[in-house]
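So that we are looking at the same thing, I have put the structure below in structure tokens.
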Amino acid sequence: MNIQRQGDKTTEQDVFIGEYNRTILPGDIIHTDVGICYLNQCTDTQEMGYVLKLNETDVPKGLKQAMAMGNRWQDILTSSFKTGLTGNEILANTIKQSEAAGIVSSTYTHPLGFVGHAPGPTIGMWDNQGPTPVQGDWKLYPNTVYAIEGNIKTQLPEWDDQWIQIKLEQDAVFDGKQVWYLAGRQTQWHLIR
């Protein structure tokens, strides 16, 4: 779990935005990264929350727009899932389309199975947004499961255009024609009152 707060010194070049060792306060953005293994199957999930300030009833408009941008990045990524493409090809397509849409993103999607990171094509790495030798050259096959993982960065108007990061990861199946999320995907903020 990490926390983003108004006033943090952040830039577009920061790989990960947020602090781990701080007390949660009203107005904070909360990020969690959780994996569970049960009956020999593993999940890998990241979600975002917002701690409401006194008298707030909803997240600021800029955070809603940031979440929508994160969902748009997910759509770009999953629309590139085509049987026979390699992880490196899917990554290149995702980067090209995200840049064309004006989205600052980082993709690091991986297959799931009996362990959190299972055999199959690696689609980007958090520390490498270029081709990944060997694992990135593996092809995508139908009826496989992936952690649709990555992040977008954007400036939040309500925080004087401070850079923030929306980190999303939801488990999804590629059935050979489309990608569908096993438990849905986060499209709205978790509110902490």
Side-chain angles (χ1 to χ4, degrees), residues 1-4 8-19 29-35 44-50 59-82 85-112 116-117 120-132 135-137 140 145-159 161-172 174 178-181 184-190:
M1 183 176 106
N2 67 39
I3 300 164
Q4 299 175 62
D8 287 348
K9 303 297 180 205
T10 59
T11 70
E12 181 181 352
Q13 287 71 39
D14 293 340
V15 176
F16 291 112
I17 298 174
E19 299 290 330
I29 296 171
I30 307 296
H31 160 257
T32 61
D33 187 350
V34 181
D44 203 358
T45 304
Q46 295 182 51
E47 301 234 347
M48 303 295 298
Y50 177 74
V59 299
K61 180 181 176 184
L63 287 181
K64 290 181 181 183
Q65 292 170 338
M67 180 66 70
M69 184 182 295
N71 292 147
R72 176 70 183 117
W73 161 80
Q74 288 175 316
D75 292 340
I76 290 169
L77 168 61
T78 58
S79 71
S80 295
F81 276 49
K82 307 285 185 227
L85 288 183
T86 67
N88 290 330
E89 290 169 328
I90 294 167
L91 175 65
N93 292 343
T94 301
I95 291 170
K96 181 179 178 182
Q97 291 179 46
S98 293
E99 287 176 351
I103 299 172
V104 178
S105 67
S106 181
T107 303
Y108 33 98
T109 289
H110 58 87
L112 291 171
H117 290 236
T122 294
I123 306 169
M125 302 285 284
W126 70 267
D127 58 350
N128 177 20
Q129 291 297 285
T132 300
Q135 292 93 336
D137 296 321
L140 181 72
V145 181
Y146 297 85
I148 305 300
E149 180 178 13
N151 68 69
I152 64 97
K153 288 182 270 191
T154 189
Q155 292 176 281
L156 185 60
E158 293 87 350
W159 287 7
D161 289 330
Q162 176 179 321
W163 284 95
I164 63 164
Q165 194 170 45
I166 306 302
K167 305 164 196 170
L168 297 172
E169 182 177 25
Q170 277 90 30
D171 303 339
F174 173 62
Q178 65 181 357
V179 174
W180 50 278
Y181 292 89
R185 66 175 175 169
Q186 184 176 12
T187 58
Q188 297 180 23
W189 286 83
H190 298 291

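Everything numeric in this text was worked out from a predicted model, so none of it was measured. Each residue takes its place number in the sequence, starting with 1. Only this structure's heavy atoms are used, side chains among them; waters, hydrogens and symmetry mates stay out.
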Seminar exercise, completed: Closest non-hydrogen atoms of I123 and L91, given as atom of the first, atom of the second and distance, are CG2-N, 3.9 Å
Problem set entry | Donor-acceptor contact present, side-chain E158 to main-chain G62, <3.5 Å | yes
Problem set entry | Partners meeting salt bridge (charged side-chain N to carboxylate O under 4.0 Å, His left out) with K82 (sequence neighbours left out) | none
Exercise. Are a donor atom and an acceptor atom from the side chains of H31 and Q4 found within less than 3.5 Å of each other?
Worked result: no
For this session: Say whether Q170 and Q186, considering side chains only, have a donor N or O and an acceptor N or O under 3.5 Å apart.
Result: no
Exercise. How far apart are the C-alpha atoms of I148 and L168, what are their side-chain angles, what is the distance that settles it, and do they pass the side chain to side chain contact (heavy atoms under 4.5 Å, CB included) test?
Worked result: CA-CA 8 Å; I148 305 300; L168 297 172; over 6 Å; no
Problem set entry | Heavy-atom side-chain proximity of M48 to Q165 below 4.5 angstrom | no
Exercise. Where the side chain of W189 meets the backbone of L63, is there a donor-acceptor pair that is under 3.5 Å apart?
Worked result: yes
Problem set entry | Side chain Q129, main chain T107, donor-acceptor under 3.5 Å | yes
For this session: Could you tell me whether Q188 atom CD has more than 12 heavy atoms of other residues or ligands within 6.0 Å of it?
Result: no
Exercise. Is D171 reaching over with its side chain to a backbone N or O of D44, donor-acceptor style, under 3.5 angstrom?
Worked result: yes
Problem set entry | Approximate separation, where rounding is to 0.5 Å, of K153 NZ and K167 NZ | 10.0 Å
Problem set entry | Separation of M67 CE from I152 CD1 (nearest 0.5 Å) | 9.0 Å
Problem set entry | Sub-4.5 Å side-chain heavy-atom contact between I3 and I30 | yes
Exercise. Among T45, D75, T78, which one satisfies side chain to side chain donor-acceptor pair (under 3.5 Å) with R185?
Worked result: D75
For this session: Carefully, step by step, assess L77 and Y146 under the rule side chain to side chain contact (heavy atoms under 4.5 Å, CB included).
Result: CA-CA 12 Å; L77 168 61; Y146 297 85; over 6 Å; no
Exercise. How about L156 and Q162: do any of their side-chain heavy atoms sit closer than 4.5 Å?
Worked result: no
Exercise. OG of S105 to CD of Q97: how many Å apart, nearest 0.5 Å?
Worked result: 10.5 Å
For this session: Any chance you could lay out the side chain to side chain contact (heavy atoms under 4.5 Å, CB included) test for L112 and H110, step after step, and finish with the verdict?
Result: CA-CA 7 Å; L112 291 171; H110 58 87; 3.8 Å; yes
For this session: Please name the pair of heavy atoms, one in S106 and one in W73, separated by the smallest distance, quoted to 0.1 Å.
Result: O-CZ2, 4.1 Å
Exercise. Can you check whether D161's main-chain N or O pairs, donor with acceptor, with Q155's side chain at less than 3.5 Å?
Worked result: yes
Problem set entry | Nearest non-hydrogen partners of S80 and I90, listed with the distance | O-CG1, 3.6 Å
Exercise. So how far is it from I166 CD1 to Q74 CD, rounded to the nearest 0.5 Å?
Worked result: 11.0 Å
Problem set entry | Expected output: side-chain N128 to main-chain P131 donor-acceptor under 3.5 Å | yes
Problem set entry | Heavy-atom pair of closest approach, residues F174 and L140 | CE2-CD2, 3.6 Å
Give every donor-acceptor pair under 3.5 Å between a side-chain atom in residues 11-18 and any protein atom, sequence neighbours left out.
unit_1, atom_1, unit_2, atom_2, d
T11, OG1, Q13, N, 3.3
T11, OG1, D14, N, 3.4
T11, OG1, D14, OD1, 3.1
D14, OD2, T11, N, 2.8

For this session: Determine whether D137 and N88 make a side-chain contact, defined as any pair of heavy atoms from C-beta on separated by less than 4.5 Å.
Result: yes
For this session: Answer yes or no: is there a donor N or O on one side and an acceptor on the other, between the side chain of T154 and the main chain of A66, under 3.5 Å?
Result: no
Problem set entry | Any side-chain donor near an acceptor of the partner, D127 and Y108, under 3.5 Å | no
Exercise. Backbone N or O of Q46 within a donor-acceptor pair of the T32 side chain at under 3.5 Å?
Worked result: no
